[in-house]
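Report on one structure; see the data block that follows.
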Amino acid sequence: TARQMFTKITLPNLKPILVYTLVTSLVGGMQMFDIPYMISGGTGAPSNSILTIQMLMYNKFSSHKGNIAIAGAIGVFLFVVTSIVALVIMRLLRDRDPEGIGRANVRERRKYRKGAARV
């Protein structure tokens with residue numbers, strides 16, 4: 001049926017492209033700075049509803065006190081969160097080997113190598 005063709009043929013072929021698109025969109029979204037900064041004038045107004053992590057880091061770094069340590073901590077936090085979410089995306093969309101076909105192929109290759117080494 002059409003549903004079986006989509007789930008068993010089309011979707012598995014689209015998985016690598018889907019992983020790439022989701023991870024790059026995630027990184028791009030986490031680095032959002034310029035548009036919210038221009039809209040809110042750099043303050044995140046009204047009521048910090050437009051404040052992004054990048055804007056917070058920029059404001060902490062460039063304030064009159066210049067708290068570089070907090071800006072650095074925010075950057076590390078952003079890196080850790082982005083990495084974890086990207087790994088979750090890659091883990092959820094990875095190719096699975098339910099029948100152990102990959103292991104059987106490895107065993108066959110080892111047998112072939114041992115036989116070829118004797119000749």
Worksheet entry | Separation of Gln31 CD from Leu26 CG (nearest 0.5 Å) | 9.5 Å
Worksheet entry | CG on Leu11 to CG on Leu93, rounded to 0.5 Å | 8.5 Å
Worksheet item: Would Met30 and Met90 show up in the same hydrophobic cluster when neighbours are defined by side-chain heavy atoms closer than 4.5 Å?
Response: yes
Discussion item. Quick check for you: to the nearest 0.5 Å, what is the distance between Asn59 atom CG and Ile70 atom CD1?
Written reply: 12.0 Å
Worksheet, complete the sentence: To the nearest 0.5 Å, atom CG of Leu22 lies from atom CD1 of Ile17 at 12.0 Å
Do any side-chain atoms of residues 47-55 form donor-acceptor pairs under 3.5 angstrom with protein atoms, and if so which ones, sequence neighbours left out?
residue: Ser49; atom: OG; partner: Pro46; partner atom: O; Å: 2.8
residue: Thr52; atom: OG1; partner: Met32; partner atom: O; Å: 3.1
residue: Thr52; atom: OG1; partner: Met55; partner atom: N; Å: 3.2

Worksheet, complete the sentence: Value for OG1 (Thr10) from CZ (Arg3), rounded to nearest 0.5 Å, stands at 13.5 Å
Item to complete: Any chance you could measure Leu14, atom CG, to Ile9, atom CD1, to the nearest 0.5 Å?
Response: 12.0 Å
Fill in: Test item: Phe61 and Asn67 side chains (from C-beta on) under 4.5 Å apart, heavy atoms
no
Taking distance alone, no hydrogens or angles, what donor-acceptor pairs closer than 3.5 Å link side-chain atoms of residues 74-84 to residues at least two apart or in another chain?
residue: Thr82; atom: OG1; partner: Leu78; partner atom: O; Å: 2.8
residue: Ser83; atom: OG; partner: Phe79; partner atom: O; Å: 2.9

Worksheet item: Any ring pair (Phe, Tyr, Trp, His ring centres under 6.0 Å) pairs touching residues 8-34, not counting sequence neighbours?
Response: Phe33-Tyr37, Phe33-Tyr58
Worksheet item: Cluster question for you: counting only ILVMFWY and a side-chain heavy-atom cut-off of under 4.5 Å, with indirect links fine, are Val27 and Leu87 together?
Response: no
